[in-house]
Protein chains: 2
Amino acid sequence: MDETTPGDPAGHARLGPQHRELLGQVLDKWSLEVLDRLCERPRRFNELRKTVPEITQKSLTTTLRRLERNGMVERVIVSTRPLGVEYRIAPLGKTLQDLIDALLEWSADNLPAVQQARQRFDAEFGAD
Amino acid sequence: MDETTPGDPAGHARLGPQHRELLGQVLDKWSLEVLDRLCERPRRFNELRKTVPEITQKSLTTTLRRLERNGMVERVIVSTRPLGVEYRIAPLGKTLQDLIDALLEWSADNLPAVQQARQRFDAEFGAD
DNA sequence: CAGAATCCCTCTGGATACTG
DNA sequence: CAGTATCCAGAGGGATTCTG
C-alpha cells in the first residue's frame, strides 16, 4: 500500500504554510516571553514592559495584538482612574504553557553548549 | 533574602538577550521543519529541499549553516560520484527533538481554533 | 549535486513624538 | 496609563545566475 514513493524518501509529517505561519506568530522573538509572563498572572501594559526591559512599546503592542488575534491572550479594560488595560492568558494560550516552559528551560540548559559549538565553528570556518 | 523588589512584581524567570537569540535561531521559520526532518534520518541537501518544498536554496543553506554553527546538525561530506553532502542531527539537536515534535503537533491540533479566533477578532476589530 | 554570489524588495523593529 | 503615528535603517528572503 502507498506505493507512491518507494521507500517514502520524503517523510510524511509535513506541515503546511499555515502551520508555519501560526508557529511563526507564536514563537517569535517576544511572544514566548510575553506569554510566559502572562501565564504567571494577568498583567498591565507597563508592567509587561518592565518584565521584558528590552522590548519597545511598539513591539509590545504589536506582539500583544497578534497574540490577541490568535486567541492566545485576552485584553480586558479595567475602569480604574485614568485608564487600565489588563492582559491575561486565554484558554488557547494556556495550551502552550508547558511547551513554552520547556523551551525557556531548554534555552537556559543548553546555552553553554551552544556557545561552545559556536566557538568551535567560528574557529574552524570563521577564521579560515 | 532577595528583598530587592517588594512583592517581586516583575517575576523571576527572565531570560537574557542571549537566550532570546538562541531561541530565535532554533525556532525560526524553517529550522523547526529542517530539524524535524533530520531527526528522522540523515538527509542530503536536495532531499531536504523536496521535503520542504517552499524553501529556497538560499534559505535552506542559511538555515543549515546556522544550525550547524549552533551545534544542532552535522555536515558530513560523502565522497560519492559527483559530490555528496549529508546532514544529520547532532547530539545537541537531539535534545530538541521532543520539543519540536510537541510544537508541530500543537500547531496541527490548534490551528482550527486559532483560525476561529482570528475570524472573531477580524470581525470585531478588523471590520469596525 | 551542493552550493556561492548578486540584485532587490519587503517586512521587522528601533527611535521618537503625539494623544484619549 | 496605554497606546497610535511616523520615519527610517537593517535583516530576511525570493529569484536568478554562476561554479567546484
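Treat the numbers as computed from the prediction; the structure is a model and nothing was measured. Chain naming here is simple, since letters A, B, ... match the order of the sequence lines and numbering starts at 1 in each.
Side chain of Tyr87(A), nearest nucleotide from dG13(C), dG3(D), dG14(D): dG3(D). Closest to the Arg66(B) side chain, of the nucleotides dG12(D), dG14(C), dA2(D), is dG12(D). When distances run from any side-chain atom of Asp28(B) to the nucleotides dA4(C), dG13(D), dA2(D), the shortest one goes to dG13(D). Side-chain atoms of Lys58(B) lie closest to dC7(C) of the nucleotides dC7(C), dA2(D), dA2(C).
Under 4.0 Å is where a charged nitrogen must lie from a carboxylate oxygen, and between Glu68(B) and Arg65(B) at least one such pair does. A salt bridge between Glu47(B) and Arg37(B) is absent, with no side-chain N of the basic residue lying under 4.0 Å from a carboxylate O of the acidic one. Looking at Glu21(B) and Arg118(A), a side-chain N of the basic residue comes within less than 4.0 Å of a carboxylate O on the acidic one, giving a salt bridge. A salt bridge links Arg88(A) to Glu86(A): one of the charged nitrogens lies within less than 4.0 Å of a carboxylate oxygen.
Taking atom CD on Glu33(B) and atom P on dG13(D), their separation rounds to 13 Å, with Å as the unit. The nearest whole Å value for the distance from the CD1 atom in Ile77(A) to the C1' atom in dA2(D) is 10 Å. A straight line from CZ of Arg20(B) to C1' of dG14(C) spans 14 Å, rounded to a whole angstrom. What separates CG of Leu27(B) from P of dG12(D) is a distance of 15 Å, to the nearest Å. Atom CD in Glu86(B) sits about 10 Å away from atom P in dA2(C), given to the nearest Å. For Leu48(B) and dG3(C), the CG to C1' distance is 14 Å, given to the nearest whole Å. Between the CG atom of Leu60(B) and the P atom of dC1(C) there is a distance of 14 Å, rounded to whole Å. When rounded to the nearest whole Å, the span between CD1 of Ile55(A) and P of dG14(C) equals 8 Å.
For dA4(C), its base sits under 3.5 Å from the side chain of Gln57(B) at one donor and acceptor pair at least.
By the 6.0 Å contact criterion, CD on Gln18(A) is open, its count of non-hydrogen atoms from other residues, nucleotides or ligands being 12 or less.
At the heavy-atom level, Arg65(A) lies under 4.0 Å from the strands shown only through sugar-phosphate atoms. Among the heavy atoms of the strands lying under 4.0 Å from Arg75(B) are primed sugar atoms or P, OP1, OP2 only; no base atom is included.
The side chain of Thr56(A) places an N or O atom within less than 4.0 Å of a non-bridging phosphate oxygen (OP1 or OP2) of dG14(C).
Nearer to the 5' terminus of DNA chain C, by closest-nucleotide assignment, is the contact made by Arg44(B) (compared with the other of Arg44(B) and Ser59(A)).
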